[in-house]
Q: 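The structure that follows is given in the form of structure tokens.
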Amino acid sequence: MGKVVVITSGKGGVGKTTCTANLGAGLALNGHSVLLVDGDIGLRNLDLVMGLENRIVFDLVDVVEKKCRTFRQALIKDKRFENLHLLPAAQSRDKDAVSPEQMQALCAELKESFDFVLIDSPAGIEHGFRNAVAGADEAIVVTNPEVSAIRDADRIVGLLEAQEKSNPRLVINRYKQDMARRGQMLSIQDVKEILGIELLGIVPEDEGILSASNKGQPAVMDRVSRAGEAYRQIVARLVDPSSPPVGMPTTDSWMDRLRRVFTVSVGSSGVH
Amino acid sequence: MFDFFSFFNRIFGGTREDTRSAARDRLRLVLVSDRATVAPHLMESLRNELIEVISRYMEIDTRSMQMGLERHEGAMALAANIPVRSVHRSSAEMAAVSLSPPPTARRNPDPEVESLEVPAASRPAEAPGRLDNSRLAARRRTRRHKRRA
Ligand SMILES: Nc1ncnc2c1ncn2[C@@H]1O[C@H](COP(=O)(O)OP(=O)(O)OP(=O)(O)O)[C@@H](O)[C@H]1O
Ligand SMILES: [Mg+2]
């Protein structure tokens with residue numbers, strides 16, 4: 001039997017969907033069977049980030065309302081990994097089309113068939129959030145090193161603890177090391193101390209995330225992407241808690257800098 | 001293009017503001033009140049336990065007692081304003097034998113009620129556990145009691 005992990009944040013736009021897609025693909029790369037559940041009913045997105053938007057017939061609400069025979073009928077199989085599936089969100093329904101009790105029952109059924117069931121939670125602390133966490137065994141809280149995202153993350157941690165989803169783990173996304181070095185951004189240590197939960201990973205700000213979602217191909221599959229490397233480390237820790245603890249993202253090598261100088265000069269001369 | 005200005009600024013500058021500590025300090029303060037307000041039963045049970053402890057030593061007016069988090073410059077304080085009706089004689093005697101001289105307390109000009117104000121240090125310097133930010137400080141001082149009609 002597998003486990004259900006919810007990816008949540010409180011504040012919107014901090015990178016939950018990106019994180020869900022990358023962890024899902026990363027786990028599948030490592031040979032685990034994975035189901036991604038888009039819990040953002042009404043604002044379906046995970047399909048697009050995963051590049052699976054064209055094949056949706058049934059969705060999460062159809063499964064709960066038993067409009068299809070089994071949940072399997074609603075799953076979209078990933079083209080790249082045969083052990084990766086997506087259960088898309090309904091696009092034309094409200095978040096209250098599903099209840100936390102129904103989600104709990106569904107998650108219990110789903111984790112019989114997969115090693116990992118990852119749920120992409122909507123932003124906020126209302127019904128959609130309660131649905132997303134209802135059936136979860138573990139929670140990952142995504143935040144940005146920025147005051148409002150951290151304040152909202154703190155609220156989420158409190159709500160998770162109140163629901164006895166113990167020991168949520170933290171992913172700090174869009175970390176800009178050079179700004180932190182200049183004292184212009186909260187440091188990893190600051191965020192860790194303020195939120196007081198276990199740090200699962202640090203994902204750097206990376207333009208590659210945008211190109212990855214443009215293509216519908218998670219950055220974790222890209223060998224040279226820095227964010228992809230961070231996600232691979234998070235995957236390793238998810239699978240094996242004894243794998244090396246989170247360190248600071250490695251500093252740029254002079255090669256990296258050189259590469260960036262080249263990219264900039266090519267871009268500015270108008271060559272594509 | 002190579003940006004000479006930002007290069008020199010970075011080498012010699014230091015004029016750039018350190019916004020990190022501002023972010024950290026503001027977050028810490030706001031989370032003290034956030035955590036306390038989203039959990040009303042936290043303040044409620046703290047109040048009840050305070051009453052219980054203090055009542056062992058003195059008779060207090062629990063109805064006009066006031067307690068809450070207040071912001072004092074760069075720190076949050078747990079401020080409690082607790083009107084004291086009388087001190088139990090037995091506990092006063094016990095304290096006299098078992099304790100070194102009590103901290104000097106200013107007499108309250110109000111003849112009827114004396115009030116006990118318990119300020120609390122906000123965030124201890126070390127990282128605190130959740131929900132225990134408003135720890136009572138050991139330090140106590142008396143303060144003028146503001147009477148409410
Ligand atoms: N590490 C990163 N570096 C650069 N851009 C990023 C990074 N992570 C996420 N983004 C960008 O941030 C935006 C929001 O990401 P995403 O959709 O994953 O957030 P979300 O938390 O799911 O949002 P919502 O709350 O609306 O569901 C996207 O445009 C994404 O490309
Ligand atoms: Mg999303």
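Proteins get letters first, then strands, A, B, ... in listed order; numbering begins at 1 in each.
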Q: What part of Ser148(A) gets within 4.5 angstrom of chain B, counting heavy atoms only: side chain, backbone, both, or neither?
A: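 For Ser148(A), no heavy atom lies under 4.5 Å from chain B.
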Q: Working to the nearest 0.5 Å, report the span between CG of Leu31(B) and CZ of Arg151(A).
A: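 Interatomic distance, Leu31(B) CG to Arg151(A) CZ, rounded to 0.5 Å: 7.5 Å.
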Q: Less than 4.0 Å between a side-chain N and a carboxylate O, is that true for Arg20(B) and Asp190(A)?
A: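 Salt bridge between Asp190(A) and Arg20(B), a charged N being under 4.0 Å from a carboxylate O: yes.
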Q: With a cut-off of 6.0 Å (strictly less than), are more than 12 heavy atoms of other residues, nucleotides or ligands near NZ of Lys192(A)?
A: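 At most 12 heavy atoms, drawn from other residues, nucleotides or ligands, come within 6.0 Å of this atom.
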Q: Distance check, rounded to the nearest 0.5 Å: Arg24(B) atom CZ versus Ile194(A) atom CD1?
A: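 Those atoms lie 7.5 Å apart.
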Q: For the atom pair OG1 (Thr19(B)) and CE (Met185(A)), what is the distance rounded to the nearest 0.5 Å?
A: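 So the gap between those two atoms works out to 9.5 Å.
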Q: Of Asp154(A), Leu195(A), Ile150(A), Val191(A), which is the lone residue that meets side-chain contact (heavy atoms from CB on, under 4.5 Å) with Leu27(B)?
A: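 Going through Asp154(A), Leu195(A), Ile150(A), Val191(A) one by one, the side-chain contact (heavy atoms from CB on, under 4.5 Å) with Leu27(B) is satisfied by Ile150(A) alone.
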Q: Is any side-chain heavy atom of Val38(B) less than 4.5 Å from a side-chain heavy atom of Arg155(A)?
A: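 Yes, side chains in contact.
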Q: Kindly check if the number of other-residue, nucleotide or ligand heavy atoms within 6.0 Å of CD (Glu207(A)) is above 12?
A: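 No, the 6.0 Å shell around CD holds no more than 12 heavy atoms from other groups.
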Q: Atom CG of residue position Asp240(A) - does it have more than 12 heavy atoms of other residues, nucleotides or ligands inside 6.0 Å?
A: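 Enclosed: over 12 neighbouring heavy atoms sit under 6.0 Å from CG of Asp240(A).
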